[in-house]
Amino acid sequence: MDESFNAHGSDRVRVRPRNQIEMEIGGLDSNGRQFKNADEMWREEVGDSQKKDDWYRNGVGYWQGVEASMDGVLGGYGHVNEPDIKASEAFLNTLLTDLFPNAGRNQHLVALDCGSGIGRVTKNLLVRYFNEVDLLEPVSHFLDAARENLAPENLLVSGEHKAASFYCTPLQEFSPDTGRYDVIWIQWCIGHLADDDFVSFFKRAKAGLKPGGFFVLKENLARSGFVLDTEDKSLTRSDMYFKELFTRSGLNIYKFKDQKGFPDELFPVRMYALTTDTWKKIGTSRPKRHANRPGLIK
Ligand SMILES: C[S@@+](CC[C@H](N)C(=O)[O-])C[C@H]1O[C@@H](n2cnc3c(N)ncnc32)[C@H](O)[C@@H]1O
């Protein structure tokens, strides 16, 4: 990491920016190995272009060997689908009420489901709230299952709500069409991205949002630092780690909510609603039509 120096006359004080200190927090891998910081781990995992290619190939390779089913995409915990969707729906409803008061009337809403797997989140949630949902998923047999699950005859919603486009691409290579989406939903897949790709994905994806659009990131949380899964090549980050990456990506936390009702042995799960820098900080300025809403950052 770069080191910064702050010179005061002859007193040369060595300081580190706050975010650098935070990123110094160590982590673990799934075999119990300890890393003194994230840089050490990333150097080993993605330190040159060959290693980075291997990281992504092994990540997708892991999922290519998994059955295209609810249990498959939920790591054997198919039964968490119900509490997951219930909590996501409650969170989405508060956001739509705050931010898209005309949803369901004359506003045509479009969402993107990132790392969509078999289309579980789209089918059970997004397609009921959005007129069009695009899906992005790098594993082709998952995307084929999603196409089938979301065929018009398998949907319980009207023809005015549909899965529109299916992109067989990983997040780190995807650039959305400019200004297409009201909401970009990213659930249980961002851990596959190295930090630099995480940041550049969000920077590109921001251009895909309509004015006033936002991201929802739903992810496992490490208690501190990070936990590397050596089998599927993914990283579970702490809340502090995420916040550092949000800052680097030019994102603000509009609201967050913790998932309830999951088995104790699972990582805690948090939903973040993220807005872009073009929004001013909550509390100081908000789009005029929302000026009467309560403060939302907890
Ligand atoms: C735990 S599953 C979650 C699927 C879906 N989001 C859900 O909640 O049902 C993780 C998904 O991330 C996908 N994935 C793996 N690497 C990815 C990448 N680089 N970019 C986007 N998605 C990726 C996997 O193929 C898999 O579908």
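Both counts, for ligands and for their atoms, begin at 1 and track the order of listing. Bear in mind the structure is a predicted one, so any value in this text is a computation, not a measurement.
The shortest side-chain heavy-atom distance between Ser238 and Arg223 does not fall under the 4.5 Å cut-off. Between Phe215 and Lys206 the shortest side-chain heavy-atom distance falls below 4.5 Å. Side chains of Arg237 and Asp195 form a contact here, defined as non-hydrogen atoms less than 4.5 Å apart. In this structure, Val157 and Lys162 have side chains that are not in contact, with every pair of non-hydrogen atoms separated by 4.5 Å or more. Within the 4.5 Å cutoff, no side-chain heavy atoms of Phe166 are placed close to those of Asp144.
Here the side chain of Arg204 pairs a donor or acceptor atom with the backbone of Phe174 at under 3.5 angstrom.
Taking a heavy-atom cut-off of under 4.0 Å, ligand 1 is surrounded by Trp63, Val73, Gly115, Ser116, Gly117, Arg120, Val121, Glu137, Pro138, Val139, Phe142, Pro170, Leu171, Gln172, Gln187, Trp188, Cys189, His192, Leu193.
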